[in-house]
Amino acid sequence: MSSYLITGVSRGIGFEFLRQLSADTTNIVIGLVRNKDTTDQKIAAELGPRKNIHILQADLTNYASIKESKKPTMGKSEVVKITGGSLDIIIANAGFMNPDSAWDPIGVLGEQPERFEADLLYAFRVNVIGNIHLFMPLILKGTTKKVHALSSAMADDKFALDYDLAWNTPMTISKVGLNTAVAKFSAQYREHGVLSLAICPGMVDVGHFDKLTEAQLVKGGEMLGKFKTYASDFAGARKPEDAVKDVLAVLDKATVTDGSAGTFVSHFGNKQWF
Ligand SMILES: NC(=O)c1ccc[n+]([C@@H]2O[C@H](COP(=O)([O-])OP(=O)(O)OC[C@H]3O[C@@H](n4cnc5c(N)ncnc54)[C@H](OP(=O)(O)O)[C@@H]3O)[C@@H](O)[C@H]2O)c1
């Protein structure tokens with residue numbers, strides 16, 4: 001039995017984490033979302049009644065709302081009331097990638113400096129700052145003591161340089177920041193037994209490609225071609241079910257003393273991204 005706090009469980013990979021982890025009725029799974037009502041409805045429709053799921057509302061760009069989800073009620077915070085005062089595992093899954101700026105290279109984005117700056121700052125607020133303000137004090141009181149952030153292979157500079165991956169600039173820059181935040185958490189908390197780890201789930205089909213324009217699809221095809229050159233067995237985006245199983249296996253195996261603390265790895269647990 002473990003207690004989990006997962007951000008961004010309203011859809012995509014986050015919902016799949018929620019589905020798989022709550023299938024074990026001994027787990028307590030707390031999901032943080034921007035819209036509790038729609039998430040509650042989706043859970044009821046797709047998973048049915050699961051007493052071990054608890055949905056709290058917060059927007060990661062709004063520190064006050066994260067604090068609100070920790071707000072003491074009757075002398076105890078919501079999370080403390082649910083778990084009894086500790087948390088075993090945090091999965092910082094929520095993330096933002098603007099499809100409108102994902103496919104142009106940095107030089108083209110720079111031609112509209114105000115728009116580019118707004119995009120970069122928003123990605124940074126969600127993907128880095130929002131994920132920093134989670135629940136470390138409760139992890140320190142937990143048993144498993146693991147913090148996992150969902151990162152992206154695009155944030156591996158060597159990979160980007162080897163294959164000239166010019167896409168996804170704002171998201172990529174923010175994920176590099178997230179990886180560094182994970183390393184900093186590890187530098188502080190490893191001695192307290194906390195494993196912090198950034199993991200890329202691989203390319204996962206959550207419907208992002210369904211909404212692309214013709215021009216974006218051409219660029220998406222170019223990117224997939226590069227991934228195929230990198231890994232000849234790359235077969236496109238995988239099902240969230242498979243990606244989450246792989247990520248959880250990496251997280252389960254990793255320990256605070258095996259050399260992985262504070263690092264950034266793939267769903268294989270190494271630097272092989274696909
Ligand atoms: N899919 C992939 O191929 C892939 C590859 C590498 C890494 N990743 C990473 O994996 C994670 C999940 O990706 P995904 O593909 O499942 O993404 P997604 O389908 O776009 O879902 C993003 C989730 O983040 C939440 N979110 C966004 N902004 C938020 C905010 N300001 N406050 C709170 N929650 C917010 C969304 O909530 P709303 O429903 O309220 O918008 C949603 O639940 C991300 O960190 C992503 O970077 C994904």
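Values below: every heavy atom of this structure, side chains too, minus hydrogens, waters and symmetry copies. Whatever order the structure lists them in is the order used to number ligands and atoms, beginning at 1.
Close contacts of ligand 1 with M203, meaning ligand atoms under 4.0 Å from a residue heavy atom, involve 3 (O). Atom numbering of ligand 1 starts at 1 in the shown order; those under 4.0 Å from a heavy atom of A94 are 24 (O), 25 (C), 26 (N), 34 (N), 35 (C), 45 (O). Short contacts between ligand 1 and G202, defined as distances under 4.0 Å to a heavy atom of the residue, involve ligand atoms 3 (O), 4 (C), 5 (C), 6 (C). Proximity to Y122 (heavy-atom distance under 4.0 Å) selects the following atoms of ligand 1: 31 (N). The distance from ligand 1 to the heavy atoms of G12 drops below 4.0 Å at these ligand atoms: 16 (O), 19 (O). Which parts of ligand 1 touch N93 is read off a 4.0 Å heavy-atom cut-off, strictly below it: atoms 11 (C), 12 (C), 44 (C), 45 (O).
Residue, atom and distance of the protein heavy atom nearest to atom 40 (O) of ligand 1 are R34 NE, 2.9 Å. In this structure, atom 36 (C) of ligand 1 lies nearest to the protein heavy atom R11 NH2, 3.7 Å. Given atom 8 (N) of ligand 1, the protein heavy atom at minimum distance is P201 CG, 3.8 Å. Of the protein's non-hydrogen atoms, the one nearest atom 13 (O) of ligand 1 is I13 CD1, 3.7 Å. In this structure, the protein non-hydrogen atom closest to atom 31 (N) of ligand 1 is D59 OD1, 2.9 Å.
When non-hydrogen atoms are compared, ligand 1 lies under 4.0 Å from the side chain of H208 (C-beta onward) but not from its backbone. Of all the heavy atoms of S151, the ones lying under 4.0 Å from any atom of ligand 1 belong exclusively to the backbone. When heavy-atom distances to ligand 1 are checked against a 4.0 Å cut-off, L150 comes that close through both its backbone and its side chain. For K175, every heavy-atom contact with ligand 1 shorter than 4.0 Å involves the side chain, none the backbone. Counting heavy atoms under 4.0 Å from ligand 1, residue V206 touches it through the side chain alone.
Remark: side-chain polar atoms of R50 are paired, donor with acceptor, to backbone N or O of R19 under 3.5 angstrom. A donor-acceptor pair under 3.5 Å is formed between the side chain of K226 and the backbone N or O of Y163. A donor-acceptor pair is defined here as one N or O able to donate and one able to accept, closer than 3.5 Å; such a pair exists between the side chain of N93 and the backbone of T7.
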### Message
side chain to side chain contact (heavy atoms under 4.5 Å, CB included), that's the test. Do I6 and I30 meet it? Break it down for me.
### Response
CA-CA 6 Å; I6 312 165; I30 302 170; over 6 Å; no

### Task
Take H192 and I139, measure what side chain to side chain contact (heavy atoms under 4.5 Å, CB included) needs, and give me the verdict at the end.
CA-CA 10 Å; H192 301 283; I139 284 285; over 6 Å; no

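Among T38, L60, V204, the residue whose heavy atom sits closest to atom 2 (C) of ligand 1 is V204. Which of G95, A123, S10 comes nearest to atom 22 (C) of ligand 1 through a heavy atom is settled by distance: it is G95.
Side-chain polar atoms of N52 and T25 form no donor-acceptor pair below 3.5 angstrom. Side-chain contact of S266 with N270: a donor-acceptor pair under 3.5 Å is present, judged by distance alone. S151 and N179 are linked by a side-chain donor-acceptor pair at a separation below 3.5 angstrom, with hydrogens and angles left out of the test.
The side-chain hydrogen bond (donor to acceptor under 3.5 Å, both in side chains) test with K36 singles out one residue from T38, D40, T39, and that residue is D40.
Remark: aromatic rings of F227 and W167 are distant, center separation not under 6.0 Å. Taking the six-membered ring for Trp, F159 and Y230 have ring centres closer than 6.0 Å.
Of the inter-residue distances, the one linking L138 atom CG with S86 atom OG reads 7.5 Å to the nearest 0.5 angstrom.
At least one N/O-N/O distance between G8 and ligand 1 falls below 3.5 Å.
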